[in-house]
Q: 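Sending over a structure as structure tokens; questions will come in a sec.
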2 protein chains.
Amino acid sequence: MNRPTVHDIAKEAGVSLATVDRVLNARPGVRDKTIAKVQDAVVRLGYVRDTYAANLARKRLYRFVFVLPEGPNQFAASLCAALDEAHAAQISDRTAIEIVRVPLRDPHAIVRRLRQLAVETLDGVALMVPETPQVRDAVARLKAAGVAVVALVSDLPNSRRDHFIGTNSVAAGRTAGLLMGRFVRRPGEVLVVSNSMRARDSLERRLGFDAVISGEFAGLRVLPSVESFDDPARMSAVVTEVLARRDVVGVYSMGSGNTALLDALRESGRIGDLVSIAHELTPTTESALREGALAAVIAQNVGHLARSALRVLRALCDGLSIYEAQERVRIEIILRENIS
Amino acid sequence: MNRPTVHDIAKEAGVSLATVDRVLNARPGVRDKTIAKVQDAVVRLGYVRDTYAANLARKRLYRFVFVLPEGPNQFAASLCAALDEAHAAQISDRTAIEIVRVPLRDPHAIVRRLRQLAVETLDGVALMVPETPQVRDAVARLKAAGVAVVALVSDLPNSRRDHFIGTNSVAAGRTAGLLMGRFVRRPGEVLVVSNSMRARDSLERRLGFDAVISGEFAGLRVLPSVESFDDPARMSAVVTEVLARRDVVGVYSMGSGNTALLDALRESGRIGDLVSIAHELTPTTESALREGALAAVIAQNVGHLARSALRVLRALCDGLSIYEAQERVRIEIILRENIS
DNA sequence: TGGTATATGAGGAACGTGCCTCAAATCAAC
DNA sequence: GTTGATTTGAGGCACGTTCCTCATATACCA
């Protein structure tokens with residue numbers, strides 16, 4: 001038996017095609033009793049709208065905007081590349097993508113840019129920005145205009161976003177903590193570096209990391225987080241100083257800025273006996289893994305993030321349910337031997 | 001500018017729609033010169049066929065068969081479930097799936113079952129079976145009948161299969177080896193168990209595992225593989241004996257049969273001080289991870305395998321190029337903290 | 001040059017859906 | 001029972017493609 005079509009529904013419900021169409025597309029001018037008849041037939045026959053045929057008929061075009069951090073952010077760059085690739089590969093998907101880069105450090109600039117988006121000509125937005133009250137307002141404005149909104153990589157839990165695509169930062173931090181505890185071979189201190197602890201992600205990763213280390217690895221002491229504020233010189237100075245004065249056995253890098261960190265570690269000559277763990281697979285961290293400068297990388301797959309965001313945005317636009325199993329982004333552990 | 005259609009191609013090439021159609025679908029009755037004109041226009045305009053519209057017009061139905069191991073194989077069971085789920089979620093995809101279970105231990109039965117497949121009513125086959133000469137012949141027969149064939153989980157490199165969907169077993173073994181070496185805290189011996197070393201996967205995993213351990217972890221000695229042949233009693237007896245007589249610090253389970261192995265380990269009372277690593281995330285291994293009986297699981301995502309197989313089979317049927325980045329199955333490392 | 005085989009053009013129906021119009025049927029209120 | 005509004009039906013065109021048929025144009029060979 002083939003999939004039922006609108007024609008089958010019309011026959012089953014004893015109404016005309018036009019009425020079925022009115023009901024399915026929630027157009028006015030149908031009595032409640034008739035609506036019920038049609039919906040009944042839909043359920044009985046297990047009708048599922050053929051989205052492709054529907055999109056063909058209505059010449060649908062999904063117009064999405066991705067808002068990503070600007071600046072020398074390797075992770076954002078690879079996310080961009082993944083987005084382009086996913087877009088090119090799904091050429092038949094009637095989707096137009098625009099990528100907007102914003103300065104992460106300047107919440108007002110972000111919001112200004114978000115306000116410039118022409119909501120009338122927009123179906124969905126994916127946001128990778130820190131949560132601030134202004135961003136929450138901007139999200140509310142987008143939602144009010146009927147635009148689908150997903151948070152990407154870093155969640156906006158208190159906003160009206162429809163969906164979050166990314167990993168649980170606390171769990172990622174716990175995973176890093178467990179690896180650190182098992183990899184390190186003698187008691188000592190763990191240096192934790194981050195761009196800025198104002199970022200929710202860093203806070204949550206630290207939380208998870210500390211919980212596992214203090215709960216299960218009594219021999220390790222986690223030092224207060226060192227912030228680099230995207231300044232390589234600062235990173236270098238602080239790391240060198242801490243390594244000289246404390247008994248460091250492990251380094252946990254929670255944010256970007258790994259190039260500067262790794263340079264500092266190499267200069268210290270301590271690479272061999274330190275266990276270093278960082279986040280996100282980029283050219284820098286990948287070569288550090290191969291070289292042995294990093295013991296592990298905790299990552300999320302950018303290709304998956306990109307494809308997931310596109311699929312979820314489309315599903316939201318169509319009012320379809322989201323296939324959770326496929327959209328769950330996993331916390332990946334990358335070692336030298338399983339780099340993609 | 002919108003995507004070009006066949007009409008645009010016809011106009012650009014200065015021919016009729018019918019001729020464009022004949023060229024695009026490789027139908028006879030077109031002069032070489034005209035073919036070239038059309039193909040030229042295709043390139044110039046960057047035409048890409050709208051697969052959905054094409055499938056709609058030709059009422060296409062993809063008919064696929066998945067050949068999976070029968071018996072109490074938890075991995076195969078979860079792969080089945082993932083397949084059902086992927087299929088249900090992609091309801092609009094005009095795909096009919098049949099799952100055939102075969103006894104892995106009996107190559108002749110496998111081939112007999114493969115011969116029964118009605119190739120005329122078949123578009124693609126995904127095979128998760130060991131490579132034997134008979135299987136190779138069966139693959140050749142399928143290919144000769146114009147059926148797309150992909151190897152699933154375990155490759156058939158010397159057959160005519162179109163594609164392999166799964167991970168590199170040597171790299172998976174290397175990953176296990178690296179984890180084992182870094183997790184174990186004192187010199188000693190590593191017990192390796194497997195269903196049967198005749199399986200290519202087990203051989204390759206062992207190869208990778210040994211290479212890393214002997215190359216980088218001088219304090220560890222890997223014992224000869226113990227085979228269980230799917231017999232829980234045998235597994236229990238052998239493991240108990242080895243644990244009693246040797247100085248085992250780690251256990252590496254290369255195949256299925258983890259339930260019996262874990263029971264034996266629990267009975268030995270050595271769970272706490274052994275580092276155990278197994279393959280594939282199943283209810284058994286997942287609860288062992290949570291409980292601490294397994295330190296790590298090396299896995300491939302069954303959902304990804306299922307979706308990938310479906311996408312690749314469809315692409316092969318349509319003669320489309322395959323989106324390698326999306327289809328690459330990663331070697332996942334699962335610890336207690338990043339289970340799904 | 002005529003005859004024949006081959007190439008090409010023109011057009012239409014179909015796939016499942018959306019969206020439109022116009023007429024007909026039904027309903028509620030008077 | 002008439003009026004007027006609301007609901008429903010019938011049908012058509014469109015989307016981009018496939019796959020027909022039939023008529024015409026072109027090339028090739030004798």
Side-chain angles (χ1 to χ4, degrees), chain A residues 1-39 41-42 45-62 90-95 314 317-320, chain B residues 1-39 41-42 45-62 90-95 314 317-320:
Chain A
M1 178 63 184
N2 279 333
R3 270 179 65 187
T5 73
V6 277
H7 297 86
D8 300 321
I9 300 297
K11 227 174 292 169
E12 175 81 10
V15 300
S16 77
L17 238 175
T19 301
V20 172
D21 183 59
R22 287 189 262 257
V23 173
L24 288 181
N25 295 292
R27 270 186 274 277
V30 187
R31 252 180 311 164
D32 290 355
K33 231 177 81 185
T34 315
I35 294 182
K37 270 203 297 189
V38 172
Q39 286 173 339
V42 166
L45 297 189
Y47 169 80
V48 182
R49 174 199 254 111
D50 183 329
T51 316
Y52 301 143
N55 286 346
L56 179 62
R58 69 165 70 150
K59 295 190 267 196
R60 196 184 203 325
L61 179 66
Y62 300 92
Q90 319 267 314
I91 192 74
S92 290
D93 276 351
R94 303 170 179 278
T95 304
R314 272 193 292 262
C317 290
D318 294 339
L320 295 176
Chain B
M1 177 63 181
N2 279 334
R3 269 178 67 187
T5 73
V6 277
H7 296 87
D8 300 323
I9 301 296
K11 226 174 293 170
E12 176 81 10
V15 299
S16 77
L17 234 175
T19 301
V20 173
D21 183 59
R22 286 188 262 256
V23 173
L24 289 182
N25 295 291
R27 270 187 275 276
V30 187
R31 250 181 312 163
D32 290 354
K33 230 177 80 185
T34 315
I35 295 182
K37 270 202 298 188
V38 171
Q39 286 173 338
V42 166
L45 298 189
Y47 169 80
V48 182
R49 173 199 258 115
D50 183 329
T51 316
Y52 302 143
N55 285 346
L56 180 62
R58 68 165 72 148
K59 295 190 266 195
R60 197 183 203 326
L61 179 65
Y62 301 93
Q90 319 267 315
I91 192 75
S92 290
D93 277 350
R94 303 170 178 279
T95 304
R314 273 192 292 261
C317 289
D318 294 340
L320 295 175

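Note that the structure is predicted; figures quoted are calculated from it, not measured. Below, chain A is the first sequence line, B the second, and so on; all start at residue 1. Only this structure's heavy atoms are used, side chains among them; waters, hydrogens and symmetry mates stay out.
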Q: Heavy atoms under 4.0 Å, any strand shown: does A/A54 hit a base, just sugar-phosphate, or nothing?
A: sugar-phosphate

Q: What pair of heavy atoms forms the shortest contact from B/L45 to B/P4, and how long is it?
A: O-CG, 3.4 Å

Q: May I ask you to verify if any side-chain N or O of B/R27 is less than 4.0 angstrom from the OP1 or OP2 atom of D/dC19?
A: yes

Q: Picking from B/N25, B/D318, B/T5, what satisfies side chain to side chain donor-acceptor pair (under 3.5 Å) with B/R49?
A: B/N25

Q: Looking at CG of B/L24 and CG of B/L17, how far apart are the two atoms once the value is rounded to the nearest 0.5 Å?
A: 9.5 Å

Q: Between B/L17 (CG) and D/dC22 (P), how many Å, whole number?
A: 20 Å

Q: Judged by atom type as modelled, is there a donor-acceptor pair below 3.5 Å linking the side chain of A/N55 to the main-chain atoms of A/Y52?
A: no

Q: What is the distance, to the nearest angstrom, from the CZ atom on A/R94 to the P atom on C/dG18?
A: 13 Å

Q: When you measure from the side-chain N and O atoms of B/T19 to the phosphate of C/dT8, is any distance below 4.0 Å, counting only OP1 and OP2?
A: no

Q: How close or far is atom P of D/dT18 from atom NE2 of B/H7, stated in whole angstroms?
A: 11 Å

Q: Check the distance between C/dT17's P and B/N55's CG and give it to me in whole angstrom.
A: 15 Å

Q: Closest approach of A/A10 and A/V20, non-hydrogen atoms and distance?
A: CA-CG2, 3.5 Å

Q: Could you check B/L56 against A/A18 and say which one's nearest nucleotide on DNA chain C is further toward the 5' end?
A: B/L56

Q: Go nucleotide by nucleotide along DNA chain D from the 5' end; which of B/A53 and B/D21 gets its closest nucleotide reached first?
A: B/A53

Q: A/R31 side chain N/O closer than 4.0 Å to the phosphate oxygens (OP1, OP2) of C/dT26?
A: no

Q: Of the nucleotides C/dC19, D/dT18, C/dT17, which has the atom closest to the A/R58 side chain?
A: C/dC19

Q: What is the distance, to the nearest angstrom, from the NZ atom on B/K33 to the P atom on D/dA27?
A: 8 Å

Q: Could you tell me the separation between the CD1 atom of A/I35 and the C1' atom of D/dT6, rounded to a whole number of Å?
A: 13 Å

Q: Scan B/N25 against the nucleic acid and name what it touches under 4.0 Å (heavy atoms): base, sugar-phosphate only, or nothing.
A: sugar-phosphate

Q: Within the pair A/Y52 and C/dG18, is there a side-chain N or O less than 4.0 Å away from OP1 or OP2?
A: no

Q: Would you say a side-chain N or O of B/T5 is under 4.0 Å from OP1 or OP2 of D/dG16?
A: no

Q: Mind calculating the distance between CZ (B/R49) and C1' (D/dT18) to the nearest angstrom?
A: 9 Å

Q: Record whether the side chain of B/R22 comes under 3.5 Å of the base of C/dG9 through a donor-acceptor pair of N or O atoms.
A: yes

Q: What is the separation between atom CG on B/L24 and atom P on D/dC19, rounded to the nearest whole Å?
A: 12 Å

